[in-house]
Amino acid sequence: MDAAFVNVEQLTKKYGEFSAVREINFSIEQGEVFGLLGPNGGGKSTTISMLTGLYPPTAGSIRIAGLDAVREARQVKRIIGVVPQDIALYPALSARANLRFFGEMFGLAGGELRARVESVLEYVAMSERANDPVRTYSGGMKRRINLAVGLINNPQVLFLDEPTVGVDPQSRNHIFESVERLNQEAGMTVLYTTHYMEEAERLCKRVAIIDRGQIIALDTPRNLIGMLGGGIIRMGVAEPAEETRRAIEALEMVKSAAYLAAEEGENPAQRRHILKIETLQANQALLQIIHCMNERNLDILSIETLEPNLESVFLHLTGKSLRQ
């Protein structure tokens, strides 16, 4: 089988004139945990919905395990597992009954079904509460059973759409451990969407950053973070003086310096301009920058140091926070 277990080319989804996803391309190797990182409304859930057959694409192609996910949707659905962002369970039924119901929908029965139910309950650490009605569960426990449902058919590829939203730390950690076990022990291919950068850094071999329906970067977390070098400093000043920018850019620990668009305050006196400074080493650069500003008797209105991580990569690429 080709190494690209999931292959997406020029995938587009339009609603009238609005493009929710715009000509995106990526591939996922068999056995890889691949992250789709972006803000709410960035296009993650729409992409998952097209890959899993919920929405037809407006244009482009999707191939999963060599199958066309649009024309051969029935065959594809047999080999994929889906964990939606919304809880998809029957609250009056127990976890065990929910899992039996969904297992039967995949054609499982008898001893095979019973064994599969117990296996996925163990994976998500919910065996002890499996006979209690789902309505009695915490939000985190419901998320764990939601994951178990996605595993009931023993899929070859698992699509997880923000599976830890609103969960308690214990359940969040159980979900992380379940994904790691599925990948490392069973070799399962996983597409994991999130807007929590620490999740992508922990779980994913590669990450695609998506914003406004477009993939703006795709690489390993380490390589993406490496784009920032020693970190970024954002300094607020009253006026964007080119002489000051050149002086800061010439400092030993500074790679580059550029002004961003001015931020509006409640009145013109509160208006500030942001000088974005890419550094070789943020702490040393900061000392040099402050000394440079003091020598010129210039005021610093604000200063923010961004340590290298996926959050600061997103801010660097888009100019906005991942959670905006």
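Heavy-atom contacts from other residues, nucleotides or ligands closer than 6.0 Å to CD of E295 number more than 12. Heavy-atom neighbours of E243 CD from other residues, nucleotides or ligands within 6.0 Å: at or below the threshold of 12.
In this structure, the side chain of S19 does not engage the main chain of K14 through any donor-acceptor pair within 3.5 Å. Side chain of N98 to backbone of Y90: a donor-acceptor contact under 3.5 angstrom is found. With hydrogens and angles ignored, the 3.5 Å screen pairs no side-chain donor or acceptor of T136 with any backbone N or O of D132. In terms of modelled atom types and a separation under 3.5 Å, the side chain of K44 and the main chain of P39 share a donor-acceptor contact. In this structure, the side chain of T279 engages the main chain of G231 through a donor-acceptor pair within 3.5 Å. For the pair R116 (side chain) and L151 (backbone), a donor-acceptor distance under 3.5 Å is present. Not a single donor-acceptor pair under 3.5 Å links the side chain of D168 to the backbone N or O of G139. A side-chain donor-acceptor contact under 3.5 Å links K13 to the backbone of P56. In this structure a side-chain-to-backbone donor-acceptor pair under 3.5 Å is present from R143 to Q85. Between the side chain of R100 and the main chain of L113, no donor-acceptor pair closer than 3.5 Å is present.
Remark: of the listed residues L11, I80, V157, V82, L11 is the sole one forming a side chain to side chain contact (heavy atoms under 4.5 Å, CB included) with L51. Test T193, L310, D211, V313 against L37 for side chain to side chain contact (heavy atoms under 4.5 Å, CB included) and you get one pass: L310. The side chain to side chain contact (heavy atoms under 4.5 Å, CB included) test with I209 is passed by exactly one of I215, L218, L224: L224.
Judged purely by distance below 3.5 Å, without hydrogens or angles, the side chains of T194 and E162 never pair a donor atom with an acceptor atom. Side chains of T164 and E199: a donor on one and an acceptor on the other come within 3.5 Å.
We find that R172 and E198 are joined by a salt bridge, their nearest charged nitrogen and carboxylate oxygen being less than 4.0 Å apart. A salt bridge between R181 and E122 is present, with a side-chain N of the basic residue lying under 4.0 Å from a carboxylate O of the acidic one. Salt bridge status for R222 with E201: absent, with no side-chain N to carboxylate O gap under 4.0 Å. Here R202 pairs with E180 in a salt bridge; the nearest charged N to carboxylate O distance falls below 4.0 Å. Of the charged side-chain nitrogens involved, at least one lies within less than 4.0 Å of a carboxylate oxygen, so that R245 and E249 count as a salt-bridged pair.
Across all non-hydrogen atoms, the minimal contact from P155 to G150 is CG-O, 3.6 Å. For A247 against C292, the heavy-atom pair with the smallest separation is CB-SG, 4.0 Å. Closest heavy-atom contact between S27 and N7: CB-OD1, 3.5 Å. The two residues H273 and A238 make their nearest non-hydrogen contact at CD2-O, 3.2 Å. Nearest heavy-atom pair across G213 and I24 is O-CG2, 3.4 Å. For A65 against I79, the heavy-atom pair with the smallest separation is CB-CD1, 3.7 Å.
Hydrophobic clustering, with ILVMFWY side chains joined whenever heavy atoms are under 4.5 angstrom apart, keeps F159 apart from V190. The hydrophobic cluster containing V124 also contains F176, counting ILVMFWY residues as joined when their side-chain heavy atoms lie under 4.5 angstrom apart, directly or transitively. Side-chain heavy atoms closer than 4.5 Å link hydrophobic residues (I, L, V, M, F, W, Y) into clusters, and following such links, possibly through other members, connects L298 to L275. The hydrophobic cluster containing Y192 does not contain I28, counting ILVMFWY residues as joined when their side-chain heavy atoms lie under 4.5 angstrom apart, directly or transitively. Tracing side-chain contacts under 4.5 Å through hydrophobic residues (I, L, V, M, F, W, Y), one reaches M293 starting from Y259; they form part of the same cluster.
With values rounded to the nearest 0.5 angstrom, D299 atom CG is found 6.5 Å from L301 atom CG. In this structure, CD in E252 is found 11.0 Å from CD in Q281, a value given to the nearest 0.5 Å. Once rounded to the nearest 0.5 Å, the distance linking CD of Q288 with CD1 of I233 reads 9.5 Å.
Judged by the 6.0 Å and 45° rule, R78 forms no cation-pi pair with F106.
Counting only heavy atoms from C-beta outward, the side chains of R63 and V6 never approach each other to under 4.5 Å. A 4.5 Å side-chain heavy-atom check between V117 and R96 finds at least one atom pair inside the cut-off. Taking 4.5 Å as the limit, some side-chain heavy atom of R234 sits within range of a side-chain heavy atom of L260.
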Full working for side chain to side chain donor-acceptor pair (under 3.5 Å) between T220 and R206: CA-CA 4 Å; T220 65; R206 291 185 301 142; over 6 Å; no
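By the 30° and 60° cut-offs, the orientation of the rings of F26 relative to F34 is parallel.
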